[in-house]
Amino acid sequence: MKKPVRVAVTGAAGQIGYSLLFRIASGEVFGEDTPVQLSLIELPAAVKSCEGTAMEIEDCGFKTLDKIDIYDNTDAGFNGINWALLVGSKPRGPGMERNDLIRDNGHIFVGQGKSLNKAASDVNIVVVGNPCNTNSLIAQHNCKDIPPTRFTAMTMLDENRAKAQLAKKAGVGVGQIANLGIWGNHSSTMVPDFEHATIGGKPVTDVIKDRNWLETTFFTTVQKRGAAIIEARGKSSAASAASACIDHVKQFMRKTPQGEWFSAAVASTGNPYDIPPGLIFSFPVRSLGDGKGYEIVKDVKLSSFMRDKIAATTKELMEEREVVKNMLVK
Ligand code: NAX
């Protein structure tokens, strides 16, 4: 067996946590030869429920599960971890403005950034809790000793949603869709880039000739999918979000094959797409493998249609950054 991997999950008693933890413990993500040590982190009021989840995980008899610890604070829960999956955050309450939610949840990520700085070093951080791009930015600013490239936010669910829509329209299996990059914010301004994606190795626009559908129905279906799920299910996406989180970690664990890419929100370096440096922005990226980093794909030629959409999502992220500027350590 290899050295154990220690994985912390915040919001472990929540609905995404319930779909996520079992798959991590099962060996699906880190391999059947890697013992998994889970660190479940919750608010004190949800610790009891977390204990119930932990009992169920134990009862699955996963051979890769080494141990489970439960914490109600991040200083202890992040101690020596290799992966931090930051899922826990506060949902938007009735009558609450988006900026109030951004500020409220921002404080959680100030504290978690500071705890990561104290308690962990060789760690990769994935922010799922919304607004995930800006929460990742806050955590990263409050965690000066860990390189910014270790912080990501999840836009894999948006990528998976976009691929599913294209596959349905083209009448093919979703495995035929490749290189579907999401640009920008995980919000309704996100940009699902159909212009560089392929279906069975051919450009999407050669297979789906209805450009109007791609620019309108496809775009808005992907952008508003989260709201459509809440409307239908009465609850927000959970199993699909957990599955996307698994996909995100797996993508960073392996070297991305030549010519392929996937979507993740990472710190902008300012070029080549003129996105303000430092913003946690979703790009097409390629992993260098073993969770050791990534490169932003540099050679994507953007049409004026895509550039306009990307400008709108950039503006939204800059506005979010302005709302939380007092939480960002220079
Ligand atoms: P739930 O409300 O079911 O669970 C959240 C859990 O987090 C609760 O158990 C709560 O006690 C815990 N929590 C809150 N503050 C905490 C803190 N400071 N430390 C530790 N735990 C804390 O929400 P769930 O459906 O699991 O969603 C979690 C987050 O994921 C939400 O912010 C949600 O908006 C976000 N999502 C992000 C997605 C993405 O693609 N990036 C998609 C799905 C989801 O909407």
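Just follow the structure's listing: the first ligand is 1, and inside any ligand the first atom is 1. FYI, the numbering just counts along the sequence from 1. Since the structure is predicted, the reported quantities are computational estimates derived from the model, not experimental observations.
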Any idea which of K90, R225, H186, K235 brings a heavy atom closest to atom 40 (O) of ligand 1?
H186
Provide, to 0.1 Å, the distance between atom 45 (O) of ligand 1 and the closest protein heavy atom, together with that atom's residue and name.
N130 ND2, 3.5 Å
Does this structure show an ion pair linking R161 with D158, if we count only N-O contacts that are shorter than 4.0 Å?
yes
Which ligand 1 atoms, with their elements, are less than 4.0 angstrom from a heavy-atom of C132?
41 (N)
With heavy atoms only and a cut-off of under 4.0 Å, state how I108 meets ligand 1: side chain, backbone, both or neither.
side chain
Which is it for F262 and F252 under the side-chain contact (heavy atoms from CB on, under 4.5 Å) test, yes or no, and what are the steps along the way?
CA-CA 10 Å; F262 63 95; F252 278 97; 3.6 Å; yes
Could you pull out, from R161, E42, Q112, the option with a heavy atom nearest to atom 8 (C) of ligand 1?
E42
Heavy atoms of A244 and M156 approach each other most closely as O-CG, 3.5 Å
Quick one: are I246 and E28 in side-chain contact, heavy atoms under 4.5 Å?
yes
Identify the residue among I275, T269, V297 that makes a side chain to side chain contact (heavy atoms under 4.5 Å, CB included) with F283.
I275
Return the closest protein heavy atom for atom 3 (O) of ligand 1 as residue, atom name and distance.
Q15 N, 2.9 Å
Nearest-contact summary for atom 31 (C) of ligand 1 - protein heavy atom, Å:
S89 OG, 3.7 Å
Identity and separation of the nearest protein heavy atom to atom 17 (C) of ligand 1
L43 CD2, 3.6 Å
Heavy atoms of the protein only: does one fall short of 4.0 Å from atom 15 (N) of ligand 1?
yes
Hey, are E316 and T189 close enough side-chain-wise for a donor-acceptor pair under 3.5 Å?
yes
Can you tell me the protein heavy atom closest to atom 28 (C) of ligand 1 and the distance?
V87 O, 3.3 Å
May I ask you to decide if the ring planes of F305 and F219 are parallel, tilted or perpendicular, using 30° and 60° as cut-offs?
perpendicular
Tell me whether E195 is salt-bridged to R211, with the criterion being a basic N under 4.0 Å from an acidic carboxylate O.
yes
Write out the residue and atom name of the closest protein heavy atom to atom 4 (O) of ligand 1, then the distance separating them to 0.1 Å.
G14 CA, 3.2 Å
Quick one: look up the protein heavy atom nearest atom 37 (C) of ligand 1 and list residue, atom name and how far away it is.
V128 O, 3.0 Å
Where does the angle between the aromatic ring planes of W213 and F218 fall among parallel (under 30°), tilted (30 to 60°) and perpendicular (over 60°)?
tilted
With heavy atoms of G11 as the reference, note each atom of ligand 1 found under 4.0 Å away.
6 (C), 7 (O), 12 (C), 20 (C), 21 (N)
Salt bridge or not between K114 and D75? Use side-chain N to carboxylate O under 4.0 Å.
no
Is ligand 1 under 4.0 Å from a heavy atom in the side chain of L157, in the backbone, in both, or in neither?
side chain
With a 4.0 Å cut-off on heavy atoms, is S237 in contact with ligand 1?
yes
Contact atoms of ligand 1, heavy-atom distance to A241 under 4.0 Å:
42 (C), 43 (C)
With a 4.0 Å cut-off, would you call R6 and D69 a salt bridge?
yes
How far is atom 44 (C) of ligand 1 from the closest protein heavy atom, and which atom is that?
I16 CD1, 3.7 Å
